[in-house]
Amino acid sequence: MEETNSNDLTLRQLQIFWTVAHSGSITRAAKQLELRQPSISQQLSRMEKAVGGKLIRFVNNEMRLTPAGQFLLEEAGRVLGAVDRAKAGLNEFFEGRRGRVVVGALPSLARNLIVPAFGRLVADKPGYMLDMVEMTPREAIEQLHGRMIDMAVISGYAVPARLGLGLKSILVAEDAQLLAVPAHLPDLAPLAAPEQQLGAADLAVLRSTIRYAFASEHTGRIAAWYDTLLPGSAMTARCRSFESALAFVEGGLGSAIVPELAVRHRDGTLFDVTLYGLPLPKRRTVVLMPDHYLTLEGMRSFVALIRDAAERLSPLVVRDTPAFAAQRLGSPDAMAEASGLPAL
């Protein structure tokens, strides 16, 4: 009987190496893989012993792959992709089971896009099970690199300029940016100068902004939007989800710039707030997934159904763009340029 050499590379080691290489940190990789740092370091040492040389070096506390590490990263992506594809394909042979799809997304994208898309998927192809994990875009990307989820449905703002090896970004939706204000405020649409035309209390609410902590370059873009739209405004609360921000607005505590899908539920809204159109670049929503999954018919169908779910949404009723917003913001392209960030 052939024995396994203790120095052979294992699939688990390749997964650990892949995650460490893409996260750029043993600490972050440990969090993604739910392992202790010493265990990861031990596995990396065993790998280097097995292959006979260094795969990772640390220069001034910065992790860098050696040429051998770069080569192994590409090969590991192919191997892990083939294993994922084989597992998914085998599920369809046994007991008619198509397998589990693990998706990471913001709650607003889950309820408006993923839920209806998955409903149509299982109606046509019974047997799939959805594991829906609500998380921020940054967490979704980290979990995707750690191979803890199969698909991330996130804002295009959060996608890095250079995707990790083997990842595919697919545009599935675009939604408008809206100004959400408490329902008790007077109509803002005809106002050209709210600083002079609103009462002191109402102006204070409008200039109290609710913002987000998504830790992406979009934070800078939103700050530029607020500075232009509401000069002198101040952040009164910072949230980790659009839903929490809208709850503050509904409570009369401030205003917020939100994407349409954040406030939408089916053809209505989740919150009792007043919404106004804004001449800002639309938010792009993308599916981020390993490109080899697109060879699986079920996964291709799911992505197509997510895009179709976005196209099936009826227009949300919002008030006209306020006069002061049209004057101060100009066009979507102008705002993208003013923010110092690329237009989307």
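Because the structure is predicted, anything quoted here is derived from the model rather than measured.
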Does a side-chain N-to-carboxylate-O contact under 4.0 Å join [X] and [Y]?
| X | Y | answer |
| --- | --- | --- |
| Arg64 | Glu62 | yes |
| Lys282 | Asp175 | no |
| Asp124 | Arg120 | no |
| Arg240 | Glu134 | no |
| Glu243 | Arg111 | yes |

Is there a donor-acceptor contact under 3.5 Å linking the side chains of [X] and [Y]?
| X | Y | result |
| --- | --- | --- |
| Glu297 | Ser301 | yes |
| Thr10 | Arg12 | no |
| Asp320 | Tyr276 | no |

Heavy-atom pair of closest approach, residues [X] and [Y]:
| X | Y | answer |
| --- | --- | --- |
| Ile257 | Tyr226 | N-OH, 2.8 Å |
| Pro194 | Leu206 | CB-CD2, 4.1 Å |
| Gly252 | Pro182 | CA-CG, 3.7 Å |
| Ala183 | Thr274 | CA-OG1, 3.5 Å |

Original post:
Less than 4.5 Å apart, any side-chain heavy atom of Arg264 and any of Leu270?
Top reply: no
**OP:** Using a 4.5 Å cut-off on heavy atoms from C-beta on, say whether the side chain of Arg283 contacts that of Thr285.
**Re:** yes
**OP:** With Ser255 as reference, evaluate Leu230, Thr236, Val249 under the side-chain contact (heavy atoms from CB on, under 4.5 Å) test and give the passing residue.
**Re:** Leu230
Subject >> Option from Ile306, Leu288, Leu144 for which side-chain contact (heavy atoms from CB on, under 4.5 Å) with Met151 holds >> reply: Ile306
